[in-house]
Structures are given as C-alpha cells and as structure tokens.
Amino acid sequence: DGSFSWIVPLPDHLTGCSSITWYCDGSLIDGRWSAIRCSGFGLAAVASDGGLVAYGLGWPPSWCDTAASAEAWAMLTVLAQCPFVPPIRTDCQALLTTALAGNASATHHDRPLARVWSMVAHIVGDDLSSIVNSGKLVWMPAHKSQKAVGVAQLSNGQLLTTIDWRANRLVDGLAKAAAKSLAAPSQVSA
C-alpha cells in the first residue's frame, strides 16, 4: 500500500495549506533489474516566506517500479495531506504531461499508472488538467547548479528561485535515501 514517514511533521496548529508550496521527488534504485528495483520519494512543505515547515520520505507500493511512478505517488501523498489542491513543484515533466491530457487519458486502462491517476483525480474532484491550468502543479528543472537560480524557467514562466533550488535538492536527497533504504546489498546487484 505504500507508506510515508515525516522526519519533521506538519505543525499541529497548521489547519490549512494555502501558504505552503509542496515539493516532491521520486527515485529508483537498481532500475535495470526488475527483481530488485526499488523506489522511494521525498516531500517538503515550504512556507511562503521560504521557511521549511515539514519534510519526510516514503515508499510507494511495489508496483510503482519507476521513478515517474514514485513521483506520481509522491504527488498523491501531498494531495492526501491537504483539504484542497496546494501549490506543488515537481521535476517530473511526465506528471504535467499526463495531467494535461486529462482524466480519460490518465486513467485509461492501458496506462501503467491509471490506479494512481484515478486516486489523484478523485481527490482533485475535477479534470486533472485543471491542476496544471490553474498553476497548482508546476514543473521545475532539476539537477542544476546554483547558477541556474534566476535563469532557469519553470513551466509557469517564473524563474527558478533559491528556495525552489534548495527544496528540490532536499526532496531529491530524501527520495534517494528512501529508495536506498530498501536496496539490495551491492553484492546482489553486482
């Protein structure tokens, strides 16, 4: 069923997520070997003033066996934390592409992540394209040096901020740590 664990939990006094931007990332270890591949994801909640509010890591169900599926599960986990769709930043272009295609395409029986997208669509309560068109789901470039700050562009046309850059590095590290925690010993993969 997948699981998620806060490292620093959301504060109890936080009753809404309107001033928080969520960052998510997924990671896959030993992807070449289907028998031992494992994935993980990281989440971070950042306040509008740039303060880190909460962060944690998780493990999607075993059938989420790609980095993109781990990323989709991470987005689902974010949506399950909030009473409404919050601003979400992801470095997975496939999430935006799939959401923009709409419910019928994302949840079609031949789509490998139809189960995940069906749950996302249920939470969103609208066509999936609405989360991109409303600016709630935004793609950001990843694995860039700090020189990309103020230069690289997000899918919404805004420039990459220092907060975006740092939050993405945090969730990338959390996702890798989650996946590595399940990884087979190096002698097995060798």
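These figures come from a predicted structure and were not determined experimentally.
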I would like to know whether Leu100 and Leu128 meet side-chain contact (heavy atoms from CB on, under 4.5 Å); could you show each step before the answer?
CA-CA 7 Å; Leu100 275 172; Leu128 291 167; over 6 Å; no
Heavy-atom closest pair, residues [X] and [Y]:
| X | Y | answer |
| --- | --- | --- |
| Leu28 | Ser39 | CD1-CB, 4.1 Å |
| Cys64 | Ser69 | C-OG, 3.1 Å |
| Ala179 | Cys38 | O-SG, 3.3 Å |
| Gly157 | Gln153 | O-NE2, 3.1 Å |
| Asp127 | Gly102 | OD2-CA, 3.4 Å |
| Ile163 | Gly50 | CD1-CA, 3.4 Å |

Donor-acceptor contact present, side-chain [X] to main-chain [Y], <3.5 Å:
| X | Y | result |
| --- | --- | --- |
| Thr98 | Leu95 | no |
| Thr107 | Asn103 | yes |
| Trp165 | His143 | no |

Taking the side chain as every heavy atom from C-beta outward, state whether [X] and [Y] have any pair of such atoms under 4.5 Å apart.
| X | Y | result |
| --- | --- | --- |
| Val85 | Leu137 | no |
| Trp63 | Val116 | yes |
| Pro11 | Val53 | yes |

Just how far is it from atom [atom1] of [X] to atom [atom2] of [Y], taken to the nearest 0.5 Å?
| X | Y | atom1 | atom2 | result |
| --- | --- | --- | --- | --- |
| Cys24 | Asn168 | SG | CG | 9.5 Å |
| Ser155 | Leu96 | OG | CG | 5.0 Å |
| Trp22 | Met75 | CH2 | CE | 14.0 Å |
| Ile123 | Cys82 | CD1 | SG | 10.0 Å |
| Gln158 | Met140 | CD | CE | 11.5 Å |
| Trp117 | Arg111 | CH2 | CZ | 9.0 Å |

I'd like to check the salt bridge (charged side-chain N to carboxylate O under 4.0 Å, His left out) partners of Asp91; sequence neighbours left out, ordered by chain and number.
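Listed in chain order: nothing, the list is empty.
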State which residues pass salt bridge (charged side-chain N to carboxylate O under 4.0 Å, His left out) with Lys136; sequence neighbours excluded, sorted by chain then number.
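Per chain and number, Lys136 pairs via salt bridge (charged side-chain N to carboxylate O under 4.0 Å, His left out) with no residue.
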Here's a test for you: under side chain to side chain contact (heavy atoms under 4.5 Å, CB included), which of Asn156, Ile131, Asp164 qualifies with Val138?
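Exactly one pass, corresponding to Asn156.
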Pick one: which of Leu170, Asp25, Thr77 meets side chain to side chain contact (heavy atoms under 4.5 Å, CB included) with Leu43?
Thr77
Give the cluster check for Leu159 versus Trp139: same hydrophobic cluster or not, with ILVMFWY residues linked at side-chain heavy-atom distances below 4.5 Å.
no
In this structure, would Leu52 and Val8 fall into the same cluster of hydrophobic residues linked by side-chain contacts under 4.5 Å?
yes
Say whether Ser181 and Trp59, considering side chains only, have a donor N or O and an acceptor N or O under 3.5 Å apart.
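Indeed, the side chains of Ser181 and Trp59 share at least one donor-acceptor pair under 3.5 Å.
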Sequence neighbours left out, what passes side chain to side chain contact (heavy atoms under 4.5 Å, CB included) with [X]? Give chain and number order.
| X | answer |
| --- | --- |
| Pro112 | none |
| Ala54 | Trp6, Leu10, Ala45 |
| Ile7 | Tyr55, Leu57, Leu174 |
| Ala152 | Pro141, Ala148, Leu160 |

Kindly assign one of parallel, tilted or perpendicular to the pair Phe4 and Phe41, based on the angle between their ring planes and the thresholds 30° and 60°.
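If you compare the ring of Phe4 with that of Phe41, the planes turn out parallel.
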